[in-house]
There are 2 protein chains.
Amino acid sequence: MNQNVSLLLAEDDENLGQLLHTFLKTKGFEVELARNGKIAFEKFTSSSFDFCIFDVMMPVMDGFTLAKEIREIDRKVPILFLTAKAMKEDKLEGFALGADDYLAKPFSMEELLARITAILRRVEVKSTEDTAHLKVGKINYEPELRLLHLEDGTKKLTTKENQLLQLLVKNENEILDRQATLRAIWGDDNYFNGRSMDVYIAKLRKLLKEDPAIEIMNVHGKGFKFIVK
Amino acid sequence: MNQNVSLLLAEDDENLGQLLHTFLKTKGFEVELARNGKIAFEKFTSSSFDFCIFDVMMPVMDGFTLAKEIREIDRKVPILFLTAKAMKEDKLEGFALGADDYLAKPFSMEELLARITAILRRVEVKSTEDTAHLKVGKINYEPELRLLHLEDGTKKLTTKENQLLQLLVKNENEILDRQATLRAIWGDDNYFNGRSMDVYIAKLRKLLKEDPAIEIMNVHGKGFKFIVK
DNA sequence: CGTTTGGCTTAACTTTTTTTAACAGCAAAA
DNA sequence: TTTTGCTGTTAAAAAAAGTTAAGCCAAACG
């Protein structure tokens, strides 16, 4: 879900830093950890990030100074501060610097995640969502428009057809798990939905059969595999 | 500074409500005060707001339920919750609903303002006037005036036509949930209102068909998606 | 005070999309 | 090999949506 969202984390405490790094990575973020504000600033300027989490108190360059520097070159990137104290003055100073949120230690991982998610929802994360499109032989598939351009004209895919094909194409040459797919598209992996999915697999096979390079292969008991030879 | 930023405040406590109302108005916001969630929802659907502040505990309809309803028709409008308790579970539930922030009573006016400002900084403040207006090809839509300028003259939209088109446009390229839309415009999502809505969808399609770049697509069982290519 | 008009709902019929049923074939376990 | 569960496929049924027209009601008009 947070795939391709890159995150800059500045934290001098080794333990907390590692903990956060690991946690956020398991949540799908690309995380870069910096041990102080100066290092963080260098990383920020030499690379590009979608989100910042800064400890307020750090050696060499503190979080506020870091934020101030960054705001001068990036007016929009979300910044969330971590602090040991829940001092109100600190809080206000942080917001004045263009902070997007503020979290006092100790905090729970879930709360941190909840806040990051809330902020990201607002921001247009432009991290290029690779649009699972397909272009093989005479077949051209446009998922956003739900169109499948075939040899003999264009077919408008129905919602389910499109959702399924999109998942298949996105997982080209990998097994698309049966249960997971059912939950993703049908919301529930019960027997009847399973049969419904099989019907849609048959439909897609029929549509795609004009290109012999494409195959939707079944992996017994596991799922389906979209193969392009 | 906050000129033209319209704010929906839902608070059942008369005193606090008045206090906030007055304070926020002096800070330049256009404030609408609702005494409970139901009234707030009606105000939200019949008008348009840039920011929401909801008390969690209110009679008739609580803040969370209100937020849930609103999120279905507006995925982006910032929501800040006020609550008596600083309970962590509450907090997480709020964020899960797409809250942007959370403030436990008692709080200071400055802190509230700081948080509103922080959130608004990262939201494209599209101050209500130009919300959801549409200008594609030869079609120009003015929601406030309920006018649709077409190639062959201007069409005055009826109330329902306008409400529906406005919601569609506001959720461009996203699915507009069927039930939520019915509740928002018709107040109830029963079968007949559903059929009525389908009739209006047909009307809008007919009106907009002169521009082939516009499409109102159905997502079976879910709702409609307004697409501009 | 009757008539007209405009906006909305209900009805009727059609088409599309999705689900369920039925049966056949195949794969893995017993 | 036999059994059992999973998949392939087609057809039928059901549910949702598209469309057009008729009906209803209240406000505006004559």
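Since this is a predicted model, take the numbers as computed values, not measurements. To find a chain, count down the sequence lines: A is the first, B the second, and so on, and within it residues start at 1.
- Contact detail for B:Leu150 and B:Ile139: the closest heavy-atom pair is CD2-CG1, 3.8 Å.
- Distance, B:Tyr191 OH to C:dA12 P: 11 Å, rounded to whole Å.
- Screening A:Lys156, A:Lys155, A:Arg146 for a salt bridge (Lys or Arg N to Asp or Glu O under 4.0 Å) with A:Glu161, the sole residue that qualifies is A:Lys155.
- Within residues 222-229 of chain A, no residue has any heavy atom under 4.0 Å from DNA chain C.
- Counting to the nearest Å, the C1' atom of D:dG23 and the CZ atom of B:Arg195 are 17 Å from each other.
- With sequence neighbours excluded, the residues satisfying side-chain contact (heavy atoms from CB on, under 4.5 Å) with A:Ser196 are A:Trp186, A:Tyr200.
- Under a 3.5 Å cut-off, the side chain of B:Thr117 and the backbone N or O of B:Leu113 do form a donor-acceptor pair.
- Atoms CE (A:Met217) and P (C:dA27) sit 12 Å apart, rounded to a whole Å.
- Note on residues 188-212 of chain B: pairs passing salt bridge (charged side-chain N to carboxylate O under 4.0 Å, His left out), not counting sequence neighbours, are B:Arg178-B:Asp198, B:Arg183-B:Asp189, B:Arg195-B:Asp198.
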If you restrict it to nitrogen or oxygen atoms, what contacts under 3.5 Å exist between nucleotides 14-19 of chain C and the protein, and what is each distance?
from, atom 1, to, atom 2, distance (Å)
C:dT18, OP1, A:Lys160, N, 3.3
C:dT18, OP2, A:Thr158, OG1, 2.3
C:dT18, OP2, A:Tyr200, OH, 3.2
C:dT18, O5', A:Tyr200, OH, 3.2
C:dT19, OP1, A:Trp186, NE1, 3.4
C:dT19, OP2, A:Trp186, NE1, 2.9
C:dT19, OP2, A:Ser196, OG, 2.8

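- Counting any heavy atom pair closer than 4.0 Å across all strands shown, B:Arg205 reaches sugar-phosphate atoms only and no base atom.
- In this view, A:Lys138 and A:Glu151 satisfy the salt bridge (Lys or Arg N to Asp or Glu O under 4.0 Å) rule, not counting sequence neighbours.
- Every residue meeting the salt bridge (Lys or Arg N to Asp or Glu O under 4.0 Å) condition with B:Glu215, not counting sequence neighbours, appears here in chain and number order: B:Lys229.
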